[in-house]
Each structure stands twice: as structure tokens, then as C-alpha cells.
A.B. asks: 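I'd like to ask you about the structure that follows.
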Amino acid sequence: MVEFRNVSMSYDKGHEVLNDISFKLEPGSMHFLTGPSGAGKTSLLKLMYLAQRPSCGEIMMFGRDVAKAMRDELPKLRRRIGVVFQDFRLLDHMTAVDNVALPLRIAGGSGAQINEHVEELLRWVGLEDKMLSLPSTLSGGEKQRVAIARAVIRRPDILLADEPTGNVDPEMAERLMYLFVELNKLGTTIVIATHDSALVKKVGAPRLHLVGGRLLHIEGNKKDISDFNVGKERDQ
Amino acid sequence: MSRSFNFLPTVKSGEATRLLPWVMAIMVYLSALAATGSLLLHSGFDNWASSLQGRITVQITGEDKDQITAESLEIQKALRQTPGIEEVRILSDQELKTLLEPWLGSGNITDDLPVPVMIDVQTSEEAYVNLDALESKLKQISDNVYLDDHAKWLSHFYNLAYTVEYTALGILIMILLASVGIVIFGTKSSMSEHKNIIAIMHLMGAHDQMIAKAYQKRFMYYGLKGGLIGLLLSFITVYGLLNLVQDLSGGLVETPTLPYLKMSILLFFPLLFASLAMVTARITVMRELGRMV
């Protein structure tokens with residue numbers, strides 16, 4: 001599903017923030033992306049959600065090298081990827097419903113279909129009473145859940161999350177992680193960049209570890225994920 | 001083809017684009033005034049020029065009124081016998097007074113004033129009258145006869161008319177170019193203001209066309225709103241100025257009449273500026289987005 005082959009990247013022809021990265025993620029897998037600040041986690045995610053192009057190497061996604069995709073081909077590819085940003089990046093002038101509906105409206109979905117799906121998803125993330133709230137009135141955890149709902153509304157093939165638990169309390173972090181695990185069980189390939197080593201250990205998903213723009217090792221085992229049921233227990 | 005929906009926030013008070021409809025209103029106002037001025041002058045020039053074309057003015061000067069009156073009758077007879085001349089008419093004393101009054105003042109034209117005799121001659125449109133030959137013929141009747149076919153004056157007149165019209169056209173083109181520049185500036189400013197929104201739209205799979213559509217709609221609305229305001233203000237100004245001119249009318253200034261049919265073209269100005277703003281915004285957005293990943 002996702003394969004990096006000797007990928008390097010630099011911003012504006014400056015020094016390389018990613019250096020000779022190679023890895024392969026199986027379809028339906030879940031991985032953590034770890035490493036210290038400045039290691040290149042966000043840059044790696046940017047390459048995966050097609051916001052940047054590598055300076056060299058191949059990025060195989062959806063059966064093709066997306067690094068060489070023409071500019072007008074990118075929207076179609078991007079619609080297959082869901083992204084949860086560290087700073088949420090919700091549109092402040094839109095309600096929670098409208099923010100979550102954005103990917104469907106971009107894809108040309110009809111009004112009734114959009115409302116039905118969006119309201120159902122917002123209920124699923126526990127925001128049924130915040131549907132018409134503006135982001136400025138939501139707490140950090142609520143914003144994060146809106147951002148996650150927006151990222152998954154179109155059932156993307158790949159879900160990328162950059163520090164999704166960075167702005168929420170530990171309890172909310174576990175609840176959000178439970179959401180990711182559930183989505184992964186539905187077949188979505190998930191990559192989560194995080195500093196939270198305790199959470200990584202708790203979920204037990206494989207880990208891509210970056211240091212100074214280099215991928216040091218991949219560790220962990222997918223079968224451990226099924227043991228993660230903190231959120232589930234809490235919801236019950 | 002991408003669908004269109006408005007993802008842009010309503011314009012906040014601090015945004016530069018908030019002023020754009022008013023700038024467009026000023027541009028349309030100036031354009032409409034320039035065009036109205038040009039149309040009024042064009043219409044006036046046409047009337048004045050057509051009233052002089054095919055006309056010859058014959059003037060007989062002299063201090064002995066009886067002599068020049070007798071000569072004028074002979075000249076009138078000679079003119080009527082000249083091929084190509086359709087109408088010959090000696091202007092009455094009252095007509096001469098009316099012509100002179102604006103310059104000399106009412107009551108200042110006395111009988112002892114050496115006013116020349118004027119003969120208004122209308123030539124046939126099809127025929128050519130050799131002015132030099134005609135003058136030589138008339139000089140045999142009176143040494144003090146002068147002919148004027150207004151050709152020199154008309155030539156200057158046409159030069160002025162063309163200059164005024166091309167100047168008005170130049171002003172219109174400059175206003176249109178300035179409007180394009182303002183829309184480009186406004187679009188770039190708005191894009192900079194909403195760069196995060198545009199980035200999110202892109203990352204969620206929005207095509208450039210979808211983003212451009214939102215901008216082109218917004219700027220078309222600015223152009224239309226500004227255009228209608230500007231047009232209304234220009235109409236008020238033109239009617240106000242015409243009323244002032246009518247108050248002045250006392251013979252010196254002929255009251256201009258609005259060429260209503262031609263002026264109906266001004267009704268398209270808001271549409272023209274709206275279309276210009278729309279196309280400019282689209283091109284600007286597409287070019288700016290093209291530089292992004």
C-alpha cells in the first residue's frame with residue numbers, strides 16, 4: 001500500500017530533513033511514527049499526504065509513484081488520504097458539521113447524503129450536542145475529534161495523524177487512540193506520529209523511528225493492537 | 001468539472017478586499033463619465049458638422065448699405081444660376097442681429113453699424129462646386145465678396161473631435177487596466193489572508209478550479225455591486241451637470257441633448273466590470289495556485 005524507496009527531502013533546496021528513507025507498510029496496517037523533535041516526522045507525513053514532493057526517491061501509493069504524479073492528478077489521490085493535523089486546522093468560520101462535511105462537499109456529495117453521514121459520524125465521536133458549534137467554542141479534545149471525523153468521513157484508504165493526542169489530556173488521548181484502532185480494524189491503513197511513548201507501548205503497534213531525518217528501525221507487532229481496549233472498556 | 005461552493009469566510013472589516021466594491025464603483029463612475037462626455041461631444045460634433053457640410057457662406061462687406069444690398073441681389077441671382085447650388089438665402093437683418101447679439105449685447109446693434117450682408121448657400125450633395133471659380137465669378141460683381149465653405153474650420157473641428165474621442169477611449173482603457181490591477185492586488189491579498197483555508201482545501205482534494213470558482217464569484221459580485229453604485233452616481237452627476245448647462249443657456253452655449261440610445265451602452269458597464277473582475281480573479285488564482293505543490 002505505502003512504500004518509500006530511498007526517499008530524501010529538503011525544503012527550498014536547503015539541508016535534507018529526510019535522508020534515504022525506505023520502508024513498506026502493508027494495507028490495513030497501523031504504525032506509529034516516533035522520534036525526537038526535528039527528526040522529520042511531520043515532513044515524512046507531508047510526503048505521505050502529498051503536501052510536499054521528495055527531492056529524490058520513489059513513493060509508491062495506490063499502485064503508482066505519487067512523487068511523479070502530475071499536479072492535476074493530486075486532488076484525486078489526496079481524496080483517498082485522511083489527515084489529522086497537530087493543530088487541527090479546522091476552518092474557524094464553519095460549524096463542526098460543516099467542517100466534517102468539507103471532504104464530501106469537495107468530492108461533490110449531495111446535501112442530504114452529506115448531512116446523514118456527518119451527523120452519524122459526529123455522534124460516533126461523541127459530539128452530537130456540538131454539531132452546530134464553531135471551533136472557537138470547542139475544547140481541545142472536541143476539536144481533535146472534529147478533525148478526526150473530518151479525516152475519516154470519506155473512509156480514506158490511508159489515515160495519517162500528526163501528534164493527534166498532543167493537545168488533549170491522557171484520558172482523551174486513550175479515547176482518541178481507541179478510535180484509530182477501531183478504524184484500523186475496518187481496514188484503514190493508519191500512521192500516527194507521536195511523542196507519547198507510553199501510548200505507543202500501550203497500543204503496541206509497529207513503530208517507525210526517525211532520528212535526524214533517518215529511519216533507524218521498525219519495531220513492534222501488529223497483532224498486539226487487538227489487546228488495546230482501554231477506550232472500549234471506558235465506553236462500556 | 002469541479003462543483004462550486006463557497007468555502008470562503010465573509011469578509012472581515014480589516015480585510016483589504018472589503019473596499020474593493022467601492023473602488024470598482026469609482027472606476028465605473030469615472031468610466032461612465034468619460035464615456036458620457038465622449039458620446040455627448042460626438043453627438044454635438046455630428047450635429048454641428050452636418051449643419052455646416054454642404055454650406056457656403058457668402059459675405060459682402062462695405063460701408064454703403066444700399067450698394068451692398070444691390071450687390072447682394074445680383075450675387076444671389078448669379079448663385080442661383082450656378083450648377084450644383086440648391087438653395088440661396090439672404091439672411092434678414094433680424095437674423096444678423098440674433099447672430100451678433102451674444103457677442104455685442106442686446107440693443108447695441110444700431111443701424112449705422114457696418115454689418116455685412118450674409119448669404120447662406122446650400123449646395124447639392126451630389127454636385128461639386130469649385131469654390132475658386134465661383135469666387136472669381138462673384139468678384140466680377142463685387143470686389144468685397146468673400147466665400148467660406150468652412151473647410152478649414154471643419155478640418156480643425158474634426159481633428160478636435162477625434163482627439164477628444166481618442167482621449168476618452170484612452171481614459172477608458174486606463175481605467176480598465178487600473179481595475180485589472182486592483183482586482184489582481186485584491187485577489188492576492190485575499191488569497192494571502194486565506195492561505196490556510198486554501199491549503200486545507202487542497203489537502204482534502206479540492207481542484208484549483210473549485211478554489212478559483214469561489215474567488216471569481218466573490219470578485220464578480222464586487223464588480224457588479226461597485227458597477228451599479230458607480231453607474232447610478234454617474235447618472236446623477238450627468239443629469240446634475242446638464243441642468244447646470246441648461247441654466248446657462250442664453251445663446252452662447254447650445255444645450256447638449258443626451259444621445260439616449262447610444263448611452264444605453266453604459267448600462268452594460270457594471271456587467272463589463274463584473275466580468276473583468278471575474279476573469280481577472282480566476283486567472284490570478286489559477287496562476288497563484290499553479291505555483292503551489
Side-chain angles (χ1 to χ4, degrees), chain A residues 9 11-12 45-54 66-67 69-85 87-95 98-111 114 134-136 147 150-154 156-158 160 162, chain B residues 1-21 186-219 221-222 281-293:
Chain A
M9 182 194 141
Y11 290 103
D12 298 326
L45 287 181
K46 280 182 179 173
L47 287 176
M48 291 175 78
Y49 60 72
L50 311 178
Q52 293 286 339
R53 290 185 191 264
V66 294
M70 300 291 285
R71 200 172 171 280
D72 57 359
E73 294 175 309
L74 293 177
K76 203 174 173 185
L77 296 169
R78 284 170 176 154
R79 289 178 193 184
R80 300 179 67 179
I81 305 166
V83 190
V84 181
F85 300 97
D87 53 356
F88 319 126
R89 294 215 202 170
L90 300 176
L91 302 192
D92 292 334
H93 63 289
M94 289 187 183
T95 62
D98 288 336
N99 264 289
V100 176
L102 205 54
L104 294 176
R105 298 189 75 182
I106 287 171
S110 68
I114 289 173
L134 289 171
S136 57
R150 186 181 65 181
V152 302
I153 187 75
R154 290 198 71 228
D157 297 318
I158 302 170
L160 308 169
D162 193 2
Chain B
M1 194 175 158
S2 56
R3 275 179 143 193
S4 161
F5 74 95
N6 186 21
F7 58 88
L8 292 170
T10 49
V11 181
K12 285 178 273 183
S13 58
E15 283 185 41
T17 47
R18 191 177 178 82
L19 295 172
L20 208 92
T187 309
K188 286 188 175 183
S189 163
S190 181
M191 286 184 78
S192 172
E193 191 95 24
H194 303 130
K195 64 182 178 202
N196 291 332
I197 296 173
I198 292 170
I200 288 293
M201 291 294 290
H202 260 159
L203 291 177
M204 289 184 186
H207 284 280
D208 290 351
Q209 287 88 340
M210 179 179 274
I211 295 166
K213 269 183 190 172
Y215 274 99
Q216 72 193 48
K217 267 188 179 177
R218 176 164 286 194
F219 280 82
Y221 168 72
Y222 289 158
R282 180 180 177 84
I283 293 170
T284 307
V285 172
M286 292 299 280
R287 286 183 67 165
E288 289 295 305
L289 294 179
R291 295 193 185 109
M292 297 178 185
V293 176

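Basis for what follows: all heavy atoms, side chains included, without hydrogens, waters or symmetry-related copies. Not measured: the values here are computed from a predicted model. Each chain gets a letter, A, B and so on, in the order the sequences are listed, and its residues count up from 1.
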A.B. asks: Counting C-beta onward and ignoring hydrogens, is there a side-chain heavy-atom pair between A:R154 and B:M204 closer than 4.5 Å?
C.D. replies: no
A.B. asks: Which atom pair, heavy atoms only, marks the closest approach of A:H93 to B:I197?
C.D. replies: CE1-CD1, 3.7 Å
A.B. asks: Under a 4.5 Å cut-off applied to non-hydrogen side-chain atoms, are A:I106 and B:M201 in contact?
C.D. replies: yes
A.B. asks: Need one label for A:R80: side chain, backbone, both or neither, based on atoms under 4.5 Å from any heavy atom in chain B.
C.D. replies: neither
A.B. asks: If I compare all heavy atoms of A:P75 with all of B:G205, which pair ends up nearest, and what's the gap?
C.D. replies: CB-O, 3.3 Å
A.B. asks: Just so I know, are the side chains of B:I200 and A:L91 near enough to count as touching, which here means a heavy-atom distance under 4.5 Å?
C.D. replies: yes
A.B. asks: If you draw a 6.0 Å radius around CZ in B:R287, do more than 12 non-hydrogen atoms from other residues or ligands fall strictly inside?
C.D. replies: no
A.B. asks: Of the listed residues (A:R89, A:K76, A:R71), which shares the most heavy-atom pairs with chain B below a 4.5 Å separation?
C.D. replies: A:R71
A.B. asks: If you count heavy-atom pairs under 4.5 Å between each of A:D72, A:L74, A:L102, A:D92 and chain B, which one has the most?
C.D. replies: A:L102
